[in-house]
Amino acid sequence: MENVYDVLMERGYIEQCTHEEEVKEMLAKEPVTFYIGFDPTADSLHIGHFIQIMVMAHMQRCGHRPIAVIGGGTTMIGDPSGRSDMRQVMTQERIANNAEKFKKIFERFLSFEDGKALMVNNADWILNLNYIDFMRDIGTHFSVNRMLAADCYKTRMEKGLTFLEFNYMLLQAYDFYMLHQKYGCKMEFGGNDQWSNIIAGVELIRKKTGDDAYGMTFSLLTTSEGIKMGKTAKGALWLDPEKTSPYEFYQYWRNVADADVEKCLALLTFLPMDEVRRLGALEGEKINQAKEVLAYEVTREIHGEEEAQKAQDAARKAFSGNQAEADIPTVELAAEKVGDTIEILALLSDAGITATRSEARRLVTQNGIAVKGQKVTDIKTAYTPKDFEDGDFIVKKGKKVYKRIVLV
RNA sequence: GGGGAGAUGCCCGAGUGGCUAAAGGGGGCGGACUGUAAAUCCGUUGACUAAGUCUACGAUGGUUCGAAUCCAUCUCUCCCCA
């Protein structure tokens, strides 16, 4: 069987590794149990988590056993790594609720049959810890001096770090230790921002048991300019279709920068590397083919074949000028709002296409609005219910945003 | 516990009585150019009517014809000392 280490390396996942040679050897000769933790701080996973899921999937395909750990316990603390502010304290109910949603996504990518993968919640062993016991048992193995020097606290050394958050590292290390004891877990993976926490776990296991444990981190998805990817105007790029529609999701990937196409194909799809390299090498206008493949593939992974197809068709139609048939988002507008006639400004704001009338006015004056394929340049332009009758009342905002307005 | 500094629009940050809806930058949005790319250029970026009005500079009161700017109290943040 192919060594998953080479696969991960070739596709560009690996950022840091504790014991490169040993890890490579181990992964080649035996099935390895490893874990990745996910803190349910939001009610949906985002694209950053997706990379981790991909890694688990690659690992499982090569015969290793993933443990997806839901951080129901650690979320009670909040990981301060790389953050400039303290996380909001969350209630147990919300955490449990979010954890439920995570499960569904994992099941799409991992096979949990016959214990080929596990999902556990660290709330099971963290929530009932006894403070004194824990401190004597685990706390003794940590040096505050070293912790303070850790890179992940850097930003917090300027802004302030509470003792609550300072404990996070111990708990994550303890997770790894527990998984090692219970399931023989030998490796912990995570985003590169988790490096400090992962090392802490590796060292804890070595100190307490003398056993070998390893850690590896993966690149955070960044653009060629080094900016974190997956940010949209509305916040993160969510995997939940309720929060980010498949169409928006598709469009995000359709619009990535040329320079990022190959990297994204390697990290976010299962396409063979030969194909990835071929697509990434396309030049000029042709790179758009690669972007279509990328957008389609990623959307298919997350939302399924059907949704991906729909998004692709909609996008193609919308951008080829043949908008009438495109499956573009519909917004409803109450008929009484329209009355006998409605002016463009009221239309845009009432339909939620713009947040305010001022914004609508701005857009119209700046030539940013088209209705039924016609630029609207006069803010006095008005419409009557008749204009909506054929169901093709399509508003184009800027170059890329299309909305179909339907009276209700 | 003692002392000091600070809180301005989405973010950073200037502004220390009227010329301030608030410089500058970033980001966002629109336009041009294009390949639904990048870079670049232009415009725009509190709200409502279209020429004013209203709401805004941590919160609440006060001084003044007039306050982001002065005073008081409060809240929060950071720094130094213990």
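Chain naming here is simple, since letters A, B, ... match the order of the sequence lines and numbering starts at 1 in each. Predicted model only: the values in this text are computed from it and were never measured. Atoms considered below: every heavy atom in the structure, side chains included; atoms not considered: hydrogens, waters and symmetry mates.
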Between [options], which nucleotide has the shortest distance from any of its atoms to the side chain of [X]?
X      : options                : result
A/N255 : B/rU44, B/rU36, B/rA37 : B/rU36
A/K399 : B/rU45, B/rA32, B/rU36 : B/rA32
A/L363 : B/rC29, B/rU44, B/rA37 : B/rC29
A/A257 : B/rA37, B/rC48, B/rG35 : B/rA37

Shortest non-hydrogen separation from [X] to [Y] and the atoms involved:
X      : Y      : result
A/R206 : A/A213 : NH2-O, 3.3 Å
A/Y5   : A/L27  : CB-CD1, 4.1 Å
A/A382 : A/T341 : CB-OG1, 3.4 Å

For this session: Using a 4.0 Å heavy-atom cut-off across all strands, classify A/K286 as base, sugar-phosphate, or nothing.
Result: nothing
Exercise. Which is true for A/I287 with a 4.0 Å heavy-atom rule: it touches a base, it touches only sugar-phosphate, or it touches nothing?
Worked result: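 A/I287: base contact, heavy atoms under 4.0 Å.
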Exercise. Does atom NZ of A/K291 have more than 12 heavy-atom neighbours from other groups under 6.0 Å away?
Worked result: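 More than 12 within 6.0 Å, yes.
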Write down the distance separating the [atom1] atoms in [N] and [M], rounded off to the nearest Å.
N      : M      : atom1 : value
B/rG17 : B/rA68 : C1'   : 11 Å
B/rG30 : B/rA51 : C1'   : 24 Å
B/rA59 : B/rU75 : P     : 15 Å
B/rU64 : B/rA5  : P     : 28 Å
B/rU49 : B/rU34 : P     : 38 Å
B/rA21 : B/rC71 : C1'   : 26 Å
B/rG46 : B/rC57 : C1'   : 13 Å
B/rA72 : B/rC79 : C1'   : 25 Å

Problem set entry | Pair A/F34 + A/H64: ring centers closer than 6.0 Å | no
Exercise. Are the ring centres of A/F142 and A/F166 closer than 6.0 Å?
Worked result: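 No, they do not, as the ring centres are separated by 6.0 Å or more.
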Problem set entry | Residue closer to the 5' end of RNA chain B, A/K375 versus A/R357 (nearest nucleotide) | A/K375
Exercise. Where each residue is assigned the nucleotide of RNA chain B containing its nearest heavy atom, which of A/V256 and A/V401 is assigned the position nearer the 5′ end?
Worked result: A/V401
Whole-Å distance between [N] [atom2] and [X] [atom1]?
X      : N      : atom1 : atom2 : result
A/I369 : B/rG43 : CD1   : P     : 21 Å
A/F319 : B/rG35 : CZ    : P     : 14 Å
A/E359 : B/rA47 : CD    : P     : 8 Å
A/R361 : B/rG30 : CZ    : P     : 18 Å
A/Y250 : B/rU36 : OH    : P     : 12 Å
A/K400 : B/rG31 : NZ    : P     : 11 Å
A/Q289 : B/rG35 : CD    : C1'   : 11 Å
A/I379 : B/rG30 : CD1   : C1'   : 16 Å

Counting only Watson-Crick or G-U wobble pairs whose two distances fall under 3.5 Å, which nucleotide matches [N]?
N      : value
B/rG43 : B/rC29
B/rC70 : B/rG62
B/rC76 : B/rG6
B/rG35 : none

Exercise. Cation over ring, A/R61 on A/F270, under 6.0 Å and within 45°?
Worked result: yes
For this session: Please state whether the base of B/rG31 and the side chain of A/Q366 form at least one donor-acceptor pair under 3.5 Å?
Result: no
